[in-house]
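Each chain gets a letter, A, B and so on, in the order the sequences are listed, and its residues count up from 1.
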Protein chains: 2
Amino acid sequence: MASKKREHLIDTALELFYQNGFHATGIDRILEVAGVARMTLYNHFKSKDELILAALRRRDEKFRNWFMRTVETIGDTPDKRLPAIFDALAEWFNEKQFSGCMFINASAEFSAPDDPIHGVSAEHKNLILKYITKLAKDADLANPEDVADSLMLLAEGAIVMRYVAGDEQAASRAKLAAEKILLASKA
Amino acid sequence: MASKKREHLIDTALELFYQNGFHATGIDRILEVAGVARMTLYNHFKSKDELILAALRRRDEKFRNWFMRTVETIGDTPDKRLPAIFDALAEWFNEKQFSGCMFINASAEFSAPDDPIHGVSAEHKNLILKYITKLAKDADLANPEDVADSLMLLAEGAIVMRYVAGDEQAASRAKLAAEKILLASKA
DNA sequence: GATTAGATAGACCGATCTGTCTATTTAATC
DNA sequence: GATTAAATAGACAGATCGGTCTATCTAATC
């Protein structure tokens, strides 16, 4: 079934949470922007936390789809895909609505490691790492896991430097570092 | 003068904001923990935002002092200091109260780039980068700025992977990657 | 001992928060 | 046209939010 109202609430919440934060975004604001009645929200979600979880799960799904598609479009052969990660990041960073990584932001607001919201964020990072590891294996590198770990760190570091410090060259700097790692891994 | 009450309020706020977040920490809670009257806070700070700024400035000062001291203790010669960055991170990550980077967390909650709180966070990251660049120059590397950029990205990535994904090996993984970068930079 | 500055407790404000409830309306199915 | 389920507006609750104000008290200085 997947009620249209429910879908629309998730999309609206996703947008507002991403742009303005979780605690800073009230239920009333979400209802106002979505144009939906209060009880419609509480019929579909038990609480605000449940709505946050739904929004994060949608974000994970949408972001990883976009990311994998973009990496594999820019990198048309297996050995071009690891560097293409950073071209994809550069695209993301240039989006007008870029507000950092929603999962880093979520972990910042829900700090308890056993909070389900923190858990979904951890899972997202692990799925991204898994994808990068797969790319590294497809590229026939000697030590794919280590290279993937390194590139993951560079990618996350780039997100932070772009968002927190406002460094517009963060993605290309990370790409340079990644190329050094890759070169060392082939030798 | 630097009133004792004022100092104590900043320290208490720093602790609570770091552990529980900024929006999630109310004025009442800070007053309760600090054991200070409401008007004492508002005599020293115009608003909650001003208190947040004071707490972040103190955190920047304390953290960078600790970081530089630790790096230079572990790395007793100039060429050992860049790798020592990641040993210092490992120490930090193992602290019982570790809750990620307070400035990344602050940027997550105050997303507008022109928000003073976001500005203080950007400044903190730039000061850390500046320090790493100084270390790279002292180590007589061919391209100290590039190496510093790379190591900064690895360090920030490690913070994210440790805090968001719970990876307890994040610091040592970052150190491995950094050593590859450093090796490539000496050849 | 009088003066002064800083800190106190606590009432109070208006706004906002998440979540509940009711009574009504809409719209699709039979 | 009757039935049924979903969505509506809006009142309401109880708590908490940041911030102001007052009246009292403490402690140091002169």
Side-chain angles (χ1 to χ4, degrees), chain A residues 1-58 105-106 108-112 115-118 120, chain B residues 1-58 105-106 108-112 115-118 120:
Chain A
M1 196 55 73
S3 155
K4 277 208 158 189
K5 294 284 176 186
R6 184 189 155 91
E7 299 302 297
H8 186 224
L9 275 169
I10 294 175
D11 286 334
T12 304
L14 171 48
E15 197 62 25
L16 292 172
F17 287 146
Y18 181 54
Q19 292 302 322
N20 305 112
F22 299 92
H23 287 94
T25 302
I27 294 287
D28 288 329
R29 178 70 183 144
I30 296 169
L31 296 174
E32 180 191 352
V33 173
V36 158
R38 197 169 195 76
M39 277 312 291
T40 304
L41 189 155
Y42 281 102
N43 280 333
H44 286 297
F45 305 95
K46 293 198 314 186
S47 65
K48 183 184 180 180
D49 274 18
E50 291 293 321
L51 178 58
I52 292 175
L53 283 171
L56 287 174
R57 292 201 186 95
R58 171 148 308 170
N105 296 349
E109 293 205 47
F110 301 89
S111 53
D115 189 312
I117 293 172
H118 203 124
V120 168
Chain B
M1 195 53 75
S3 155
K4 277 207 157 187
K5 293 283 175 185
R6 183 189 155 92
E7 300 302 297
H8 186 225
L9 274 169
I10 294 175
D11 286 334
T12 305
L14 171 48
E15 199 62 24
L16 292 173
F17 287 146
Y18 181 54
Q19 293 301 322
N20 307 113
F22 299 92
H23 287 93
T25 302
I27 294 288
D28 287 330
R29 177 71 181 143
I30 296 169
L31 296 174
E32 180 190 353
V33 173
V36 158
R38 198 169 192 76
M39 278 311 292
T40 305
L41 190 155
Y42 282 102
N43 281 334
H44 286 297
F45 305 96
K46 294 199 313 188
S47 65
K48 184 184 180 182
D49 275 18
E50 292 292 321
L51 178 58
I52 292 175
L53 283 171
L56 287 174
R57 292 200 186 96
R58 172 148 308 171
N105 296 350
E109 293 205 48
F110 302 89
S111 53
D115 189 311
I117 294 173
H118 203 123
V120 168

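What separates CD1 of A:I52 from C1' of C:dT18 is a distance of 11 Å, to the nearest Å. For the pair B:H44 NE2 and D:dG18 C1', the interatomic distance rounds to 18 Å; values are reported in whole Å. When rounded to the nearest whole Å, the span between NE2 of B:H8 and C1' of C:dA7 equals 14 Å. Atom CD1 of B:I30 is separated from atom C1' of D:dG19 by 13 Å (rounded to the nearest Å). One atom, CG of A:L31, and another, P of D:dA7, lie 13 Å apart when rounded to the nearest Å. Atom pair B:K4:NZ and C:dT8:P shows a separation of 14 Å (rounding to whole Å applied). Regarding B:L41, its CG atom lies at a distance of 15 Å from the C1' atom of C:dA9, rounded to whole Å. In this structure, B:N43 places its CG atom 13 Å from P of D:dT22, rounding to the nearest Å.
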Polar-atom pairs under 3.5 Å, protein N or O versus N or O of nucleotides 10-17 of chain C: list them with distances, or write none.
none

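Summarising the geometry, atom CZ belonging to A:R38 is positioned 7.0 Å from atom CD1 belonging to A:I27; distances are rounded to the nearest 0.5 Å.
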Requested in this report: Begin from the C-alpha positions of B:K4 and B:E7 and carry the test salt bridge (Lys or Arg N to Asp or Glu O under 4.0 Å) through to its verdict.
Outcome: CA-CA 5 Å; B:K4 277 207 157 187; B:E7 300 302 297; over 6 Å; no

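Side chain of B:E109 to backbone of B:G21: no donor-acceptor contact under 3.5 angstrom is found. Judged by distance alone, the side chain of A:S111 and the main-chain N or O of B:Q19 form a donor-acceptor pair under 3.5 Å.
Comparing C:dA9, D:dG19, C:dG19 by their closest approach to the side chain of A:Y42 singles out C:dG19. When each of C:dT8, D:dT8, D:dG19 is scored by its nearest atom to the side-chain atoms of A:V36, the top-ranked nucleotide is D:dT8.
Along DNA chain C, the nucleotide nearest B:G35 and the nucleotide nearest A:S47 are compared for position; the residue whose nucleotide lies closer to the 5' end is B:G35.
Put simply, A:T40 has a side-chain N or O that comes within less than 4.0 Å of OP1 or OP2 on D:dT8. Under 4.0 angstrom from either OP1 or OP2 of D:dT8 there lies at least one side-chain N or O belonging to A:K5. In this structure, B:S3 does not reach the C:dG6 phosphate: none of its side-chain N or O atoms is under 4.0 Å from OP1 or OP2.
A:L51 has its side chain within reach of A:I30: a pair of non-hydrogen atoms, C-beta onward, lies under 4.5 Å apart.
Across every non-hydrogen atom of B:F22 and B:N105, the tightest pair is CE1-C, 4.2 Å. Closest of all the heavy-atom pairs between A:F45 and A:A54 is CE2-CB, 3.8 Å.
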